[in-house]
Asks: 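Attaching a single structure in structure tokens format; questions to follow.
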Protein chains: 2
Amino acid sequence: MNRLGRDPMYQQIADALRAQIDVGSLEPGAKLPTEAEMRDKYGVSRETVRKALALLVNEGLIVSARPQGHFVRRRQPMVFRPQAEFRKRPWSPEMDAFVTEYSAEGREPRQEIEVAIVEPPADVAKRLHLESGELVAVRKRVRYLDGEPFNINDSYFPLNLVRDSEIMRPEDIGRGANEVLAELGYRQVRALDELYVRMPTPDETHRLDLGPGTPVAYHIATGHTEEGKPVRVAITILPGDRHVISYERRREIPSEEA
Amino acid sequence: MNRLGRDPMYQQIADALRAQIDVGSLEPGAKLPTEAEMRDKYGVSRETVRKALALLVNEGLIVSARPQGHFVRRRQPMVFRPQAEFRKRPWSPEMDAFVTEYSAEGREPRQEIEVAIVEPPADVAKRLHLESGELVAVRKRVRYLDGEPFNINDSYFPLNLVRDSEIMRPEDIGRGANEVLAELGYRQVRALDELYVRMPTPDETHRLDLGPGTPVAYHIATGHTEEGKPVRVAITILPGDRHVISYERRREIPSEEA
DNA sequence: TTGTAGCCATTGTCCAGTCAATGCGGCCAA
DNA sequence: TTGGCCGCATTGACTGGACAATGGCTACAA
């Protein structure tokens, strides 16, 4: 380990550790050497070692647990399948097997629900075709698995559609909010999903108890009725280290064309 | 700005800057104060200012351009629509409008193609149901827009299906590799998409010229024939700051159930 | 006008140190 | 045995400094 290979020292140290993690000589959950040990081993100052570690933390490869040391991160994703709301059972044997493989079997789910009437955020207002000043009902849910927060799901509905309905009550709706909306005469037949990948905001970091180096998927689904009226926008924040998002697709039947 | 609000100083400084960016008083492209200016303004050492800036860089909010200073990052995502390969024209007017809004109009696309015969990575081998030792053909593509790398797309095919076919030639296939596969008797009718969100590997960072604080989506699509035989795995790496991924969904026709 | 050498503001890298915070483990008392 | 206190190893926060690297700008030369 020297300066001739002209990467900065902290890069070289990070690379060395990353290689050990990739190769498996440092397994998930394993403890890294302490900062002091690495300082002596590489002959640099502690701050330089810390910079190398900070790099890996930001890459999501390791976590620090003061004062125990640094550890290789463990991962165990669970499936998020947006299509499930329109189709409980997968079409294909492939998807069936996939969902089974990643199921959260044996883990204990829980959710907290909160309902409010608010002015919609700009992106929601736009997708619901609302004039400025029109209000929305929002059902905010935080979902937990084994006591750990797993994702945030906020569903927005135009207030004039759902006022006084079951949707306004902060309880679990067994048959689903979509079904309630359908009973009110607004059955969704199509949805448009958008997925953005970015680093979390500080608020998201806090609400989801995210470690540094954990990106999130920002999933925004807009549900439309047969007539094309948007009646629901659902925003889900999915921490990258706890989820796989999956879709199944099928080739169109030729007669499908306009 | 003081220590009483017990967040560390570098957090407070980062928060102050983040607020200015959120509120828009620092617009995309704007130059931040220099480190020396902030050191004086907040009465801390330069290293502490740098730690605050490093935070924002890792959040993807700012970039540093030595020696010009730090700047608020610009974003301009384009649409990635996996369903396009089975369905050129969107179903719904909503998706149509969405694709139009984010189109890459006026920008100049280019791609580099490379073909090789390799042992498949473990995740590919598993999805193609290959025994260990079986080889695959891989078409590696890097797509550019206006000279900037935009995404990486590697498509894997079981070698025994595509040997000597057009797929092995490192040129653009106008009608698509899927069509060639169909002509060979392996028409894909279903696909299973998985999306993972994570920080890029150093290799991806290099190939896509990613700045720090840019997460990626790892999109892995497995195409199946009518009989359920997997014939293609496509892996796409999508930098989070340059893409929106979108899907459209439709409620099933009731008779669809098994 | 064009090229170029060098100045310089700015960020990048690194050091050697101080003091604070944290949580585990062991010691001791009830 | 149990419970609480405390020491200690370890990471976190921060300082004030040094020198390197970079790229734009200016002034001067061709």
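Each chain gets a letter, A, B and so on, in the order the sequences are listed, and its residues count up from 1. The shown structure was predicted, so the numbers you read here are calculated from the model rather than taken from an experiment.
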Asks: Taking only N and O in the side chain of A:S64, is any of them less than 4.0 Å away from OP1 or OP2 of D:dG12?
Replies: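 Result: yes.
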Asks: Tell me: CD1 of B:I13 to P of D:dT15, nearest whole Å?
Replies: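 So the CD1-P distance, B:I13 to D:dT15, works out to 8 Å.
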Asks: Roughly, in whole Å, what's the span from CG in B:L32 to P in C:dA9?
Replies: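 So the CG-P distance, B:L32 to C:dA9, works out to 20 Å.
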Asks: Give the rounded distance in Å between these two atoms: CZ of B:R39 and C1' of C:dT10.
Replies: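 These atoms are roughly 12 Å apart.
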Asks: NZ of B:K31 versus C1' of C:dT10: gap in Å, rounded?
Replies: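 Result: 8 Å.
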Asks: For A:Q68 and A:S45, find the nucleotide of DNA chain C closest to each by heavy atoms; which residue's nucleotide sits nearer the 5' end?
Replies: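 Nearer the 5' end of the strand: A:S45.
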Asks: State whether A:E59 and A:R18 are salt-bridged, where the test is any N-O pair (Lys NZ or Arg NE/NH1/NH2 against Asp/Glu carboxylate O) under 4.0 Å.
Replies: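 Looking at A:E59 and A:R18, the cut-off is met.
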Asks: Which pair of non-hydrogen atoms, one from A:L208 and one from A:P239, has the smallest distance, and what is that distance?
Replies: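 Looks like CD1-CG, 3.9 Å.
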Asks: Please say whether more than 12 non-hydrogen atoms of neighbouring residues, nucleotides or ligands are located less than 6.0 Å from NZ in B:K31.
Replies: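 Enclosed: over 12 neighbouring heavy atoms sit under 6.0 Å from NZ of B:K31.
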Asks: To the nearest Å, give me how far apart CG (B:L53) and P (D:dC14) are.
Replies: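 Nearest whole value for this atom pair: 14 Å.
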Asks: Could you state the NE2-P distance from A:H70 to D:dA9, rounded to the nearest angstrom?
Replies: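 Those two atoms, NE2 and P, are 19 Å apart.
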Asks: Quick one: which of C:dC24, C:dA20, D:dG24 gets closest to the side chain of A:R66?
Replies: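 So the nucleotide nearest the side chain must be C:dA20.
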Asks: Ignoring the backbone of A:E47, work out which of C:dA16, C:dT11, C:dT13 is nearest its side chain.
Replies: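 Looking only at heavy atoms from C-beta outward on A:E47, the closest nucleotide is C:dA16.
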Asks: I want to verify a distance call: between D:dT22, D:dT15, D:dT11, whose nearest atom is closest to the B:V44 side chain?
Replies: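 Selected nucleotide: D:dT15.
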Asks: So, does A:R46 get its side chain near the phosphate of C:dA16, meaning an N or O under 4.0 Å from OP1 or OP2?
Replies: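 For C:dA16, neither OP1 nor OP2 has a side-chain N or O of A:R46 closer than 4.0 Å.
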Asks: Between A:D123 and A:K126, is the closest basic N to carboxylate O distance under 4.0 Å?
Replies: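 Looking at A:K126 and A:D123, the cut-off is not met.
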Asks: With no hydrogens and no angle check, is any side-chain donor or acceptor of B:R139 less than 3.5 Å from a backbone partner on B:R169?
Replies: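 Yes; at least one donor-acceptor contact below 3.5 Å.
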Asks: How close or far is atom P of C:dT10 from atom CZ of B:R50, stated in whole angstroms?
Replies: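 Taking atom P of C:dT10 as the reference, CZ of B:R50 is at 14 Å.
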Asks: Checking contacts here: which listed nucleotide (C:dT11, C:dC14, D:dG24) is nearest the side-chain heavy atoms of A:M9?
Replies: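 Looking only at side-chain atoms, A:M9 lies closest to C:dC14.
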Asks: Determine: side-chain N/O of A:T48 to OP1/OP2 of C:dT13, distance under 4.0 Å, yes or no.
Replies: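 Answer no for this pair, as no side-chain N or O of A:T48 is under 4.0 Å from OP1 or OP2.
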Asks: Think B:K51 has a side-chain N or O under 4.0 angstrom from the OP1 or OP2 of D:dA13?
Replies: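 So the side-chain polar atoms of B:K51 do come within 4.0 Å of the phosphate oxygens OP1 or OP2 of D:dA13, strictly under.
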Asks: Could you tell me how far apart B:L55 (CG) and D:dG12 (P) are, to the nearest whole angstrom?
Replies: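 Roughly 13 Å, once rounded to whole Å.
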Asks: Would you say a side-chain N or O of A:Y10 is under 4.0 Å from OP1 or OP2 of C:dC14?
Replies: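 So the side chain of A:Y10 is outside the cut-off, no N or O lying under 4.0 Å from OP1 or OP2 of C:dC14.
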